[in-house]
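Below, each value reflects all heavy atoms present in this structure, side chains not excepted, and no hydrogens, waters or symmetry copies. A quick note: this is a predicted structure, and the numbers were derived from the prediction, not measured. Every chain is numbered from 1, with letters handed out A, B, ... down the list of sequences.
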Amino acid sequence: MAFREVLGVYKDLDSAVAATDAFADAGFTREDFDVLTNAPYPEGAFGEEPGRHRLFMFPLIGAASGFSVGLLITAGTQLAYPLVTYGMPLLSIPPMIVIMYEGTMLGALIFTVIGVLFESRLPRLNLGVYDPRITYGSIGILARVPEDRLDAAEKALRSVEHENIVTENDQGEIISENEARGAQA
Amino acid sequence: MSVRWGMVIDLDRCTGCQACVVACQAENNIPINTEDIFHQRRAIEWIRVERYWEGEYPNVKARYIPIPCMHCAQAPCESVCPVYATYQTTQGINMQIYNRCIGTRYCAVNCPWHVRFFNYWEPRWPDSLHHQLNPNVTVRSRGVMEKCTFCIQRIIRTEQAASADGREVEDGEFTTACAQACPTDAIVFGNLANSESRVAQMAADTDRGYQLLDTLGTDPAVLYLKKIDPDASEQAESH
Amino acid sequence: MQERHSLRGEAITKELLRPLTQTPMVFWIAVIILGGVLSAFAFAVGWMFYWGLGTTGLNTPIFWGFMITNFVFWIGISHAGVMISAILRLTQAEWRRPVTRAAEVMTIFSLMTAMLFPFLHTGRPWRTVYWVFPYDFERGVWPDPRGPLVWDPAAVFTYLTGSTLFLYTTLIPDMALLRDRSTGWRKTLYTILALGWRGNERQWKLQLVAGILLSALILPVFVSVHSIVSWDFAVSLIPVWHASIFAPYFVIGAVHSGVSAVITLMALMRWLFGFHNYLREEHFDAIGRLLVVVATGWIWFFLLDIIFAMFTRDPRELEVMYMRIFEWPYAMLLAFVFVFAYIIPVPVWMFRKYRRNIKVMFWTSLMVNVGMWAERYWLILPGLERKFEFTFMWSWYRPSIVELTLVFGSFALVTFLLLMFSKIFPPVAVWEEKEGVNFAQDIQVGKRTVHATIREE
Amino acid sequence: MSSHGHSVPRVWSLSPREIATDGTRRIRELGSLYRLGIIIAAVLAVVGVISLIAGPLLQGYSDRSVWTYVTAVFFFLMSTVAAAPCLSVALRLARGHWRRPVNRVAEIWAAALIVPAILFFVLQGAHPSSADRNSIWMGWPASPWLWSSIMMIALVVCGYAFLYISARPDFAILRDQVDSNPNGFFARMAGPWRGTLKQWAVHDRALSLVGVFYIMLFIGMMTIIASDFIIGMVPGYHSSIFPVYWVVTSFQAAIALTLVTSAVLRKFGGAEKYLELDQFWGLSKMLLAFGLLWFYFWWSEFIITWYGRMPYEVNFLKFMFFETYLWLFVMVIGFCFLTPLFGLMWNFIRRSYMGPTIVGSLVLVGNLADRIRLASMGTTVDDIYAHYFLEVPDTHFPGVFDVLLTVGFIGAAVGVVLVAMRFIAVPSIWEVTGGIWLRAQRQYKKAEVIVIGKPE
């Protein structure tokens, strides 16, 4: 069954929380909605977010690959060009450690950022159901429900005083009830 | 036969005449060190003669010590180069590859003897000297390091000639420009690994021999023979 | 005591985005002056490339001079940004919020400027590109991993990449904010950079986790970068350079100068953008306190370096030490370093009254950086002037006009880049300020209301 | 890192009354285990003193190498017992709230400062004059004995002063709750303390001042010890970073000691309500950071020496790391660096009781091994007047007395602390109480959150 999104935009925290309550009363669970805000709120303010992430895996993978690349480059160069410098052993380990360390950290850093983007499901080419009011401080309750329950969800979101309701029609067009105040700040 | 090129410099014979410096200049296409260059303190001398005054006037003595590249077996300049532009050859020569050099100048910084030189300017010769340049030696562009090569062009020429004849290089078959020019025969060049060679025998047979800055443990291939001086018992060792 | 501004929501956005929309006269004047200095800088670089390094004051054996000093200095400056923001994030210090963004940007720009200098100072810069990016096998060699000058770009590029990614990750929510309130080319730019951020819970949670994780990862890199820069000097055999303390000594010196630079930057931002509600006196107070500790640590390392160099009774070490402590001009320079980087600023910072005085903090922090530039020069040059006992080659060094231009140009370059950044990106993280508001609470203890925050996990 | 429930520490729901009752109960009631601990420690102390007399003292000061293990145990106690109060000061300066129950656990070790101090004075006899050798005293008159002794005395006095100032409000509580005799110990110690605002203000100021002074003295003293006992005794050991390594590894050992002490107090000392996951988590993060710093400072020394390749440097590397004391060194790098790194990099281990305790104990073992290695280096090079040492000395192995005195003096230090716990509340009553005002548990919409007050 296809999932559809509907977004309710609320002026303040209290009405947003009220909307989540109304939503729950309509028989939906915590997994069915998401909260869009312009800054983090204390974790669990809208009920504990159920999503799990595996971000910690990414730096480990990155570190491992960075370390291997570092090892390959340093050991490879020294063995491929057996030139003696300063009486050092042909495979000098201490200098290799320096570069391998940097490689490890670089890998970990890059993979962490990739992980953050991946786990955040970014980049998103299409904003979808969205309202610029959110970055102006309003709070959005984004319901993501099966198509047949869309109306129930919309009704629940409407039951609380709201600024806007954004829906998506069959063609994927975004329908916003109240257009946002001009784009200029 | 294993080869380690080396040099013995007998300070008792050195008169400080600077013939070695001039010969080196001519052999190795070193740009002319004009007065201007000296004022900039950027003179390039692959071998230089240092002069020290000893004693108080009127009992003054001039002491000379010619200093070429030491061609250390364990040369501090090598490992600090990021691009392998300098490394140790199997013949014990501390090699400088001009093409690889990018001019970080770390090798010169890390050379305790100050025998590495940097081309701050594009080298120039008066028109009259253009035909004087040695065709067997690269002219170094600005931005690269250079240093004494133990006249590598002569080593290679001799080796090629010897291998064409199917024989080994004989001791004394050739020598470096500085040794060749030395009027008192103070500089002797040869293969230190060959115990028959003159240079190895001089190195072995003497109690006057020492290396400059030997506490650094770099094992220079240039050995000095102390001056025989009845008045002053020690000299160059502690300048 | 923590102060708290009473601003909420939109008011924060409006104030913090002001530099993007308003351009005061001072900005244009600054751009014109900096542009002038930068053209001189570009001309000097061109001149030096055309004629070679003969145009500098370098000679034999003083092969390294102002450019290397400047490189070390800017690497040092680059250390504060990430250190401040990473350490404060990890300790969840509430006052980090307005400081982090500007500090990280300073890191990136000063790092880029720093990296310019070893490149400029090589004899054949066009070949140096190959050294940093070995693109083929054809020439028979790759860079030698044993050389400390290869560790250097490895470390700096790791740091630059890391801190750029770090900055960008924390910038995404603000890009979304700007996307929703801009038009024209800005809208296009911000839309691309925002990556379709919607600000759902998962994204925010990951944003916070990423802040901690990236901080924890970048701190070890930050320590390694200046250590590796110090090893450029310390692995050589030169007396007074060949000292094992160089790595932490350089790092703590870098933190000292870099954190001071953050103060300078904060004072300038307060003055130029009018961020009085965000960069408050308590921030200067807190950083001032931090600096007292850092500066004292730095002095300990400074003394250890000197004491243990003389400790060995090695005549070479003593010779250089004698020169740099008692002989002109290094004696003067040493006094200058001491007075500017420690004796004046630290006692001043001991007093809460002065720590909360922005003018005093601005001038003392500037003073520290002048002192620290001199300190780098004092550390690097004397070792080259008196290496080993071959007196024949002892020499001295005087920078040429080209080198002076390059040094001044580097300051102009960093300032210029920072100004440009503030025209395009918010110099204070808007979402972090709002997060602070969301997390603010009060606790009533008797008659006193204590400012409190909700603990972040 | 992934989402985990909010664990709300129990301590913050206690009332001041309960905290005071808890704290005084531990002073009033001594279990049989406590008595057993004291007896074991006393026996060990006696064994230690006897082996010190029977071993090194009888052999005299002429051969420095017999003093190796006295030096080692002195080093170890300086790095643990004397460094622990520094941890307490640093945590106070950083102003976190989780540290409140930890402070006393760390600073109680200041009570045992007398043990390393005694060892220090005994060792002075084995110390040659600083004339004509590498030394930071540069041949000053009466150096190193007089000047380092002054430093040591100052350190010990300052340490006890710090412990006393910190414990004074608690003495007042104990005076009022446990022993109301006006001439009793607690009454004498508490003096006229009534807890007026002025007294508290002075107390706060004095505590941070003496604390900072203690850290500075400690760093100064450790620099002197590093130079006098190790760097100065190994000719050619040209390392300006060593004092820093020395201090940083001491802080690492201090953190490990505090962790282990906390675990013991949880298990046997009735402090399980106070020393909770928060405290273990905080300390283990620090232990991880110091594990990394251990490597950093060691590596900074190693890479310079390795890259230098001068003959004396090669000798030194062989002596210190790769030949003479290879196995000790492997132990050190394993316990002080690899264990914290690979053990504590996982949050679930950091945030447990068992993990940090085990890692902490191993760090302590590693630190002891490190100190034995360094002490052996410092006492076995024959010609300390040379510029460089050109022959690598042989490995120095301990005798029976050496082992006994090492164990004995460590036991003595533990014994002193056990006795001190009879008089000083661990964890501190006033500090834990002071923290509960500044924390609250609240409802933020649908979430239970912990609110932390930041009064300064």
Salt-bridge present (B/D219, B/R4; N to O < 4.0 Å): yes

Proximity breakdown for C/R398 and chain B, heavy-atom pairs closer than 4.5 Å: neither

Aromatic ring pairing B/F118/B/Y120, orientation class (parallel under 30°, perpendicular over 60°, tilted between): perpendicular

Distance-only criterion, 3.5 Å: show the donor-acceptor pairs between side-chain atoms of residues 223-231 of chain C and protein atoms not counting sequence neighbours.
{"from": "C/S224", "atom 1": "OG", "to": "A/E102", "atom 2": "OE2", "distance (Å)": "2.6"}
{"from": "C/S224", "atom 1": "OG", "to": "C/V221", "atom 2": "O", "distance (Å)": "2.8"}
{"from": "C/S227", "atom 1": "OG", "to": "C/V223", "atom 2": "O", "distance (Å)": "2.7"}
{"from": "C/S227", "atom 1": "OG", "to": "D/Y296", "atom 2": "OH", "distance (Å)": "2.5"}
{"from": "C/S230", "atom 1": "OG", "to": "C/S227", "atom 2": "O", "distance (Å)": "2.6"}
{"from": "C/S230", "atom 1": "OG", "to": "C/A247", "atom 2": "N", "distance (Å)": "3.3"}

Region of C/F49 that comes under 4.5 Å of a non-hydrogen atom in chain B: backbone

Engaged part of C/I68 at the chain B interface, taking heavy atoms whose separation is under 4.5 Å: neither

Interface residue of largest heavy-atom contact number with chain C, from B/C77, B/C101, B/A85, B/C81, under 4.5 Å: B/C101

Chain C contact via B/I44 - side chain, backbone, both or neither, heavy atoms under 4.5 Å: neither

Salt-bridge criterion met for B/R124 and B/E122 (N-O under 4.0 Å): no

Under 4.5 Å from any heavy atom of chain B - which part of C/W396: both

Pairs flagged by ring-ring contact (aromatic ring centres under 6.0 Å, His included) wherever residues 70-109 of chain B is involved - sequence neighbours left out: B/H71-B/F150, B/Y106-C/W64

Side-chain donor/acceptor of B/N28 to backbone N/O of B/I30, under 3.5 Å: no

Under 4.5 Å from a heavy atom of chain C, the part of B/Q40 involved: backbone

C/Y377 ring center near C/F66 ring center (under 6.0 Å): yes

Option that, when pairs with chain C are counted at under 4.5 Å, heavy atom only, ranks first among B/V80, B/V109, B/V83: B/V109

Heavy-atom pairs under 4.5 Å with chain C, option from B/R142, B/R116, B/E78 with the top count: B/R142

Which of C/K387, C/R124, C/H242 touches chain B most, by non-hydrogen pairs under 4.5 Å: C/R124

